[in-house]
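What follows is a short report on a single structure.
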Amino acid sequence: GAGVSQSPSNKVTEKGKDVELRCDPISGHTALYWYRQSLGQGLEFLIYFQGNSAPDKSGLPSDRFSAERTGGSVSTLTIQRTQQEDSAVYLCASSLLMLAENYGYTFGSGTRLTVV
Amino acid sequence: DQQVKQNSPSLSVQEGRISILNCDYTNSMFDYFLWYKKYPAEGPTFLISISSIKDKNEDGRFTVFLNKSAKHLSLHIVPSQPGDSAVYFCAASDTGNQFYFGTGTSLTVIP
(Lines give C-alpha, C1' and ligand atoms only; values in the text may rest on other atoms or scores of the structure.)
Protein backbone atom coordinates (compact mmCIF):
# COMPACT_ATOMS: atom_id res chain seq x y z
CA GLY A 1 0.00 0.00 0.00
CA ALA A 2 0.92 3.66 -0.22
CA GLY A 3 1.29 4.13 3.51
CA VAL A 4 1.49 2.31 6.82
CA SER A 5 -1.90 0.89 7.69
CA GLN A 6 -3.00 0.10 11.23
CA SER A 7 -6.13 -1.63 12.44
CA PRO A 8 -8.32 -1.17 14.29
CA SER A 9 -8.18 2.61 14.51
CA ASN A 10 -9.95 2.49 17.88
CA LYS A 11 -10.31 -0.31 20.39
CA VAL A 12 -12.16 -0.30 23.69
CA THR A 13 -11.59 -3.35 25.82
CA GLU A 14 -12.35 -4.51 29.32
CA LYS A 15 -9.57 -4.80 31.84
CA GLY A 16 -8.11 -8.30 31.80
CA LYS A 17 -8.94 -9.04 28.15
CA ASP A 18 -6.33 -9.67 25.47
CA VAL A 19 -6.03 -7.40 22.43
CA GLU A 20 -4.27 -7.67 19.09
CA LEU A 21 -3.18 -4.64 17.09
CA ARG A 22 -2.21 -5.00 13.45
CA CYS A 23 0.26 -3.10 11.30
CA ASP A 24 0.76 -3.33 7.53
CA PRO A 25 4.02 -1.55 6.68
CA ILE A 26 4.93 0.03 3.37
CA SER A 27 5.80 -2.66 0.87
CA GLY A 28 9.55 -3.18 0.71
CA HIS A 29 10.33 -1.48 4.00
CA THR A 30 12.64 -3.75 5.92
CA ALA A 31 12.38 -2.06 9.30
CA LEU A 32 9.23 -1.95 11.42
CA TYR A 33 8.74 -0.23 14.77
CA TRP A 34 6.06 -0.06 17.41
CA TYR A 35 5.75 3.01 19.61
CA ARG A 36 3.06 4.14 21.98
CA GLN A 37 1.99 7.54 23.20
CA SER A 38 0.24 7.78 26.51
CA LEU A 39 -1.68 10.90 27.44
CA GLY A 40 0.73 13.79 27.96
CA GLN A 41 3.76 11.67 27.15
CA GLY A 42 6.19 11.44 24.26
CA LEU A 43 6.55 8.54 21.90
CA GLU A 44 7.74 5.51 23.83
CA PHE A 45 9.69 2.89 21.90
CA LEU A 46 8.34 -0.65 22.26
CA ILE A 47 9.92 -3.00 19.73
CA TYR A 48 11.90 -2.94 16.47
CA PHE A 49 12.05 -5.54 13.68
CA GLN A 50 14.76 -5.50 11.02
CA GLY A 51 14.60 -8.10 8.27
CA ASN A 52 15.19 -11.59 9.59
CA SER A 53 17.20 -10.46 12.59
CA ALA A 54 16.00 -11.07 16.12
CA PRO A 55 13.76 -8.17 17.16
CA ASP A 56 14.89 -5.53 19.63
CA LYS A 57 12.34 -5.97 22.43
CA SER A 58 14.05 -3.70 24.89
CA GLY A 59 11.14 -1.26 25.06
CA LEU A 60 8.35 -3.70 25.91
CA PRO A 61 7.05 -2.60 29.33
CA SER A 62 6.14 -6.06 30.65
CA ASP A 63 5.84 -9.69 29.63
CA ARG A 64 2.17 -9.09 28.87
CA PHE A 65 3.35 -7.40 25.67
CA SER A 66 4.56 -9.36 22.65
CA ALA A 67 4.88 -8.76 18.94
CA GLU A 68 5.60 -10.75 15.87
CA ARG A 69 6.25 -9.99 12.26
CA THR A 70 5.26 -12.64 9.76
CA GLY A 71 7.02 -13.01 6.44
CA GLY A 72 8.90 -9.79 6.96
CA SER A 73 5.74 -7.79 6.40
CA VAL A 74 2.64 -7.61 8.62
CA SER A 75 3.17 -7.22 12.34
CA THR A 76 0.86 -7.91 15.26
CA LEU A 77 1.28 -6.41 18.72
CA THR A 78 -0.48 -8.45 21.41
CA ILE A 79 -1.27 -7.23 24.89
CA GLN A 80 -2.45 -9.89 27.31
CA ARG A 81 -4.56 -9.24 30.41
CA THR A 82 -4.87 -5.55 29.59
CA GLN A 83 -4.60 -2.98 32.38
CA GLN A 84 -5.88 0.58 32.48
CA GLU A 85 -2.32 1.92 32.22
CA ASP A 86 -2.09 0.24 28.80
CA SER A 87 -4.52 2.86 27.44
CA ALA A 88 -2.59 4.81 24.80
CA VAL A 89 -2.22 5.39 21.09
CA TYR A 90 -0.13 2.60 19.62
CA LEU A 91 1.81 3.73 16.57
CA CYS A 92 3.50 1.55 13.99
CA ALA A 93 6.18 2.85 11.65
CA SER A 94 8.31 1.43 8.88
CA SER A 95 11.40 2.55 7.04
CA LEU A 96 13.95 1.61 4.45
CA LEU A 97 16.83 1.04 6.83
CA MET A 98 19.40 3.00 4.93
CA LEU A 99 17.17 6.05 4.65
CA ALA A 100 15.95 6.21 8.22
CA GLU A 101 18.54 8.75 9.30
CA ASN A 102 17.63 11.11 6.47
CA TYR A 103 13.90 10.68 6.23
CA GLY A 104 12.93 9.01 9.45
CA TYR A 105 10.10 6.60 9.66
CA THR A 106 6.70 6.62 8.01
CA PHE A 107 4.09 6.31 10.71
CA GLY A 108 0.61 4.88 10.54
CA SER A 109 -2.35 6.73 12.04
CA GLY A 110 -2.25 4.61 15.16
CA THR A 111 -4.64 2.50 17.18
CA ARG A 112 -6.23 4.27 20.13
CA LEU A 113 -6.60 1.66 22.87
CA THR A 114 -8.87 2.36 25.81
CA VAL A 115 -8.99 -0.13 28.67
CA VAL A 116 -12.08 0.27 30.86
CA ASP B 1 15.12 8.40 31.65
CA GLN B 2 14.24 10.91 28.96
CA GLN B 3 17.17 11.26 26.55
CA VAL B 4 15.39 13.82 24.41
CA LYS B 5 13.56 16.68 26.09
CA GLN B 6 11.17 19.30 24.87
CA ASN B 7 10.65 21.55 27.85
CA SER B 8 7.91 23.70 26.35
CA PRO B 9 4.65 21.75 26.11
CA SER B 10 2.97 24.55 24.17
CA LEU B 11 3.71 27.67 22.13
CA SER B 12 1.45 30.33 20.61
CA VAL B 13 2.61 32.58 17.78
CA GLN B 14 0.91 35.19 15.61
CA GLU B 15 0.53 34.35 11.93
CA GLY B 16 3.46 35.68 9.91
CA ARG B 17 5.87 35.69 12.87
CA ILE B 18 8.64 33.21 13.60
CA SER B 19 7.99 30.03 15.59
CA ILE B 20 10.97 28.60 17.47
CA LEU B 21 10.67 25.13 18.93
CA ASN B 22 13.46 23.84 21.13
CA CYS B 23 14.82 20.42 21.95
CA ASP B 24 17.63 19.24 24.23
CA TYR B 25 19.31 15.86 24.38
CA THR B 26 21.64 14.13 26.80
CA ASN B 27 23.42 11.48 24.73
CA SER B 28 26.53 12.90 23.06
CA MET B 29 26.58 9.88 20.72
CA PHE B 30 23.45 11.02 18.91
CA ASP B 31 24.30 11.74 15.27
CA TYR B 32 20.94 12.07 13.56
CA PHE B 33 18.10 14.37 14.44
CA LEU B 34 14.62 14.64 13.07
CA TRP B 35 11.55 16.80 13.52
CA TYR B 36 8.07 15.38 13.10
CA LYS B 37 4.72 17.12 12.88
CA LYS B 38 1.54 15.52 14.18
CA TYR B 39 -2.05 16.54 13.59
CA PRO B 40 -4.82 15.13 15.83
CA ALA B 41 -5.90 11.58 14.96
CA GLU B 42 -3.02 11.19 12.51
CA GLY B 43 0.39 9.60 12.80
CA PRO B 44 3.48 11.83 12.97
CA THR B 45 4.88 12.91 9.60
CA PHE B 46 8.52 13.58 8.87
CA LEU B 47 9.35 17.26 8.54
CA ILE B 48 13.09 17.86 8.40
CA SER B 49 16.33 16.21 9.46
CA ILE B 50 19.90 17.14 10.29
CA SER B 51 23.02 15.09 10.86
CA SER B 52 25.78 15.97 13.27
CA ILE B 53 28.15 17.01 10.48
CA LYS B 54 25.96 20.05 9.88
CA ASP B 55 24.78 22.88 12.09
CA LYS B 56 21.92 24.03 9.90
CA ASN B 57 19.51 22.54 7.41
CA GLU B 58 16.88 24.55 5.60
CA ASP B 59 13.79 23.46 3.69
CA GLY B 60 11.47 26.24 2.64
CA ARG B 61 9.97 27.89 5.68
CA PHE B 62 11.55 25.31 8.00
CA THR B 63 15.12 25.50 9.32
CA VAL B 64 16.69 23.22 11.89
CA PHE B 65 19.73 24.37 13.86
CA LEU B 66 22.04 22.04 15.74
CA ASN B 67 24.39 23.10 18.53
CA LYS B 68 26.37 19.97 19.38
CA SER B 69 28.34 21.51 22.22
CA ALA B 70 25.13 22.53 23.95
CA LYS B 71 23.30 19.33 22.90
CA HIS B 72 20.51 21.50 21.63
CA LEU B 73 18.53 21.75 18.45
CA SER B 74 15.79 24.07 17.37
CA LEU B 75 13.22 24.28 14.61
CA HIS B 76 12.42 27.67 13.14
CA ILE B 77 9.28 28.22 11.11
CA VAL B 78 9.05 31.52 9.30
CA PRO B 79 6.61 32.89 8.42
CA SER B 80 4.27 30.86 10.59
CA GLN B 81 0.92 29.91 9.09
CA PRO B 82 -2.30 28.68 10.76
CA GLY B 83 -1.83 25.31 9.03
CA ASP B 84 1.39 24.88 10.99
CA SER B 85 -0.67 24.41 14.16
CA ALA B 86 0.20 20.89 15.30
CA VAL B 87 2.31 19.00 17.81
CA TYR B 88 6.00 18.94 16.92
CA PHE B 89 8.26 16.13 18.10
CA CYS B 90 12.03 16.08 17.91
CA ALA B 91 13.83 12.76 17.72
CA ALA B 92 17.46 11.68 17.93
CA SER B 93 19.44 8.57 17.14
CA ASP B 94 23.02 7.33 17.31
CA THR B 95 22.55 4.63 14.70
CA GLY B 96 19.96 6.06 12.33
CA ASN B 97 17.71 3.18 13.27
CA GLN B 98 16.07 3.55 16.66
CA PHE B 99 15.06 7.14 17.35
CA TYR B 100 14.30 8.57 20.78
CA PHE B 101 11.46 11.05 20.83
CA GLY B 102 10.72 14.07 22.95
CA THR B 103 7.34 14.70 24.56
CA GLY B 104 6.28 17.19 21.91
CA THR B 105 5.44 20.89 21.73
CA SER B 106 1.96 21.94 20.72
CA LEU B 107 2.20 24.94 18.39
CA THR B 108 -0.78 27.22 17.84
CA VAL B 109 -0.52 29.83 15.11
CA ILE B 110 -3.06 32.56 15.68
CA PRO B 111 -4.57 34.08 12.51
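Side chains included, hydrogens not; waters and symmetry mates left out as well; all remaining heavy atoms used. Convention: sequence-line order gives letters A, B, ...; per-chain numbering from 1.
Looking at A:Q6, there are no atoms closer than 4.5 Å to chain B (heavy atoms on both sides), in backbone or side chain. In this structure, the portions of A:L43 lying under 4.5 Å from any heavy atom of chain B include both its backbone and its side chain. B:A91 does not touch chain A: none of its heavy atoms, backbone or side chain, sits under 4.5 Å away.
Annotation: the span from B:F46 atom CZ to A:S95 atom OG amounts to 12.0 Å, rounded to 0.5 Å. Note that CZ of A:F107 and CD of B:E42 are 13.5 Å apart. Values are rounded to the nearest 0.5 Å.
Remark: the backbone N or O of A:E44 is not paired with any side-chain donor or acceptor of B:Y100 at under 3.5 angstrom.
A 6.0 Å sphere centred on CD of A:E85 holds more than 12 heavy atoms belonging to other residues, nucleotides or ligands.
Heavy-atom proximity under 4.5 angstrom to chain B picks out nothing from residues 61-70 of chain A. Of all residues in residues 103-111 of chain B, those placing a non-hydrogen atom less than 4.5 angstrom from a non-hydrogen atom of chain A are B:T103. Within residues 15-25 of chain B, no residue has a heavy atom under 4.5 Å from a heavy atom of chain A. Contacts between residues 73-84 of chain B and chain A, counted as heavy-atom pairs separated by less than 4.5 Å, involve no residue at all.
Note on B:F101 and A:L32: separate hydrophobic clusters, where clusters join Ile, Leu, Val, Met, Phe, Trp and Tyr whose side-chain heavy atoms are under 4.5 Å apart, directly or indirectly. Under the 4.5 Å side-chain heavy-atom criterion for Ile, Leu, Val, Met, Phe, Trp and Tyr, A:L77 and A:V115 are members of the same hydrophobic cluster. Transitive grouping of hydrophobic side chains (ILVMFWY, heavy atoms separated by less than 4.5 Å) brings A:Y33 and B:Y32 into a common cluster. By the rule that hydrophobic residues join a cluster once side-chain heavy atoms approach within less than 4.5 Å of another member, B:F99 and A:I47 end up as members of separate clusters. Hydrophobic clustering places A:L60 together with A:W34 (ILVMFWY residues linked when any side-chain heavy atoms are closer than 4.5 Å, directly or through intermediates).
In terms of heavy-atom proximity, A:L91 sits nearest to B:G43 at CD2-CA, 4.1 Å.
Inter-residue side-chain proximity for B:Y36 and A:Y105 is flagged as met; some heavy-atom pair is nearer than 4.5 Å.
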